[in-house]
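Hydrogens, waters and symmetry mates play no part in the numbers below; they use all other heavy atoms, side chains included. Chain letters run A, B, ... following the sequence lines, proteins first, then strands; residues in each count from 1.
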Number of protein chains: 2
Amino acid sequence: MNGEKNHFGETVPGTRPRARRRTRQRSVIQRVLLEANRPLSPQAILLAAQAMAPGLGIATVYRTIHTMMTEGTLVAVGIPGEAARYEISGKEHHHHFQCRECDAVFDIQGCPTDDLAKLTPKGFRLESHQVVLYGVCPPCTGMPS
Amino acid sequence: MNGEKNHFGETVPGTRPRARRRTRQRSVIQRVLLEANRPLSPQAILLAAQAMAPGLGIATVYRTIHTMMTEGTLVAVGIPGEAARYEISGKEHHHHFQCRECDAVFDIQGCPTDDLAKLTPKGFRLESHQVVLYGVCPPCTGMPS
DNA sequence: ATTGGTGCAAATGCTTTGCATCCCG
DNA sequence: CGGGATGCAAAGCATTTGCACCAAT
């Protein structure tokens, strides 16, 4: 999947230009997620990370997301009809609010755990949950900044 | 995007084999969604619909989904890290439960509306919400059928 | 005959993967 | 030196779109 091919379909070595390598890109990605303090899409992570580490590739972002999800240090936040966003786990349990106007997702505090437990139908075992509120965020309601 | 092209890049008419046409595929798709009575992915809708109407294409599924969403007769249900699923709206307000084992999504009754309203931070305007519970469904807990 | 719905396939866009290379120990 | 991490590009999929053709009016 890399380098040029000769007439026989074989890879010609050494045809790829050198790329500036960066190590421990993972730390850059983690920093981006920590500083944002709200769920980000892979593309948003890429943009922010590239500002700190030019040349960082999208594949590294996805691989890091996958690794951290496996470790449990990152959690996915799903919004209907949109790409998943991700945020550092280990924070206090919380939920999210998405603005219909600007699409941004915000963390919100509090959780009606007990009330949700009551919704669980008989025969089902409840393990976790997710709540997403939708509406309009302060900037988009036209409030003065 | 269709038919064969000549050496000048022009479309050669009549090169596409005839397709069996079905009309009002929309009604087929609606029926699939109604009978399932739980959120389905576009691919799942396609499979079920093709059983009733062979030759029905994926494009029609997506177009119908888009039309119905615009009308408000269909709503998207988002699950983290997965493709959106869709279900007929107009039912009573409700939420969802996803089984970790088999990935199926079920409707559940009840909604702690007031409790959720209390979570809304100052300055935000709440318009709607979504709750997803995760766990294990009865068949997957190893219960006798 | 006209209009809208539809199948097909190409196009688009996001995510994953193969490979060679590079970094660090 | 060797193993793991990374950039790049191709591959893999899901979704959207262009077009011609069919169906119902």
Requested in this report: Could you list the residues that satisfy side-chain contact (heavy atoms from CB on, under 4.5 Å) with B:Ala48, not counting sequence neighbours?
Outcome: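 In terms of side-chain contact (heavy atoms from CB on, under 4.5 Å), with neighbours along the sequence ignored, B:Ala48 is linked to B:Val32.
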If I take atom [atom1] in residue [X] and atom [atom2] in nucleotide [N], what distance separates them, rounded to the nearest angstrom?
X       : N      : atom1 : atom2 : answer
A:Gln30 : D:dA5  : CD    : C1'   : 14 Å
B:Ile58 : D:dA14 : CD1   : P     : 9 Å
A:Ile65 : D:dA5  : CD1   : C1'   : 16 Å
B:Leu46 : C:dT6  : CG    : P     : 14 Å
B:Gln43 : D:dC13 : CD    : C1'   : 9 Å
B:Arg26 : C:dG7  : CZ    : P     : 15 Å
B:Leu47 : D:dA14 : CG    : C1'   : 14 Å
B:Arg85 : D:dA14 : CZ    : C1'   : 15 Å

**Report entry** Aromatic contact, A:His93 with A:His129 (centres under 6.0 Å)
**Finding:**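 That pair passes the under 6.0 Å test.
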Just list the side-chain donor-acceptor pairs under 3.5 Å for residues 116-128 of chain B, sequence neighbours left out, or say none.
unit_1	atom_1	unit_2	atom_2	d
B:Thr120	OG1	B:Ala117	O	3.1
B:Glu127	OE1	A:Arg100	NE	2.6
B:Ser128	OG	A:Arg100	NH2	2.6

Query raised in the report: With no angle test and no hydrogens, is the base of D:dG4 tied to the side chain of A:Arg24 by a donor-acceptor pair under 3.5 Å?
Result: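 For A:Arg24, whose side chain was compared with the base of D:dG4, there is no donor-acceptor pair (under 3.5 Å).
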Query raised in the report: What about A:Arg63: does its side chain form a donor-acceptor pair under 3.5 Å with the base of D:dG7?
Result: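 Pair found.
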Query raised in the report: For C:dG7, does either OP1 or OP2 sit under 4.0 Å from a side-chain N or O belonging to B:Gln25?
Result: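 For C:dG7, OP1 or OP2 has a side-chain N or O of B:Gln25 closer than 4.0 Å.
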Query - Closest nucleotide among C:dT6, C:dC8, D:dG7 to the B:Ala59 side chain - result: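 Nearest to the side-chain atoms of B:Ala59, counting from C-beta on, is C:dC8.
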Query - Test log, rule side-chain contact (heavy atoms from CB on, under 4.5 Å), inputs B:His96 and B:Asp107 - result: CA-CA 5 Å; B:His96 302 95; B:Asp107 285 354; 3.1 Å; yes
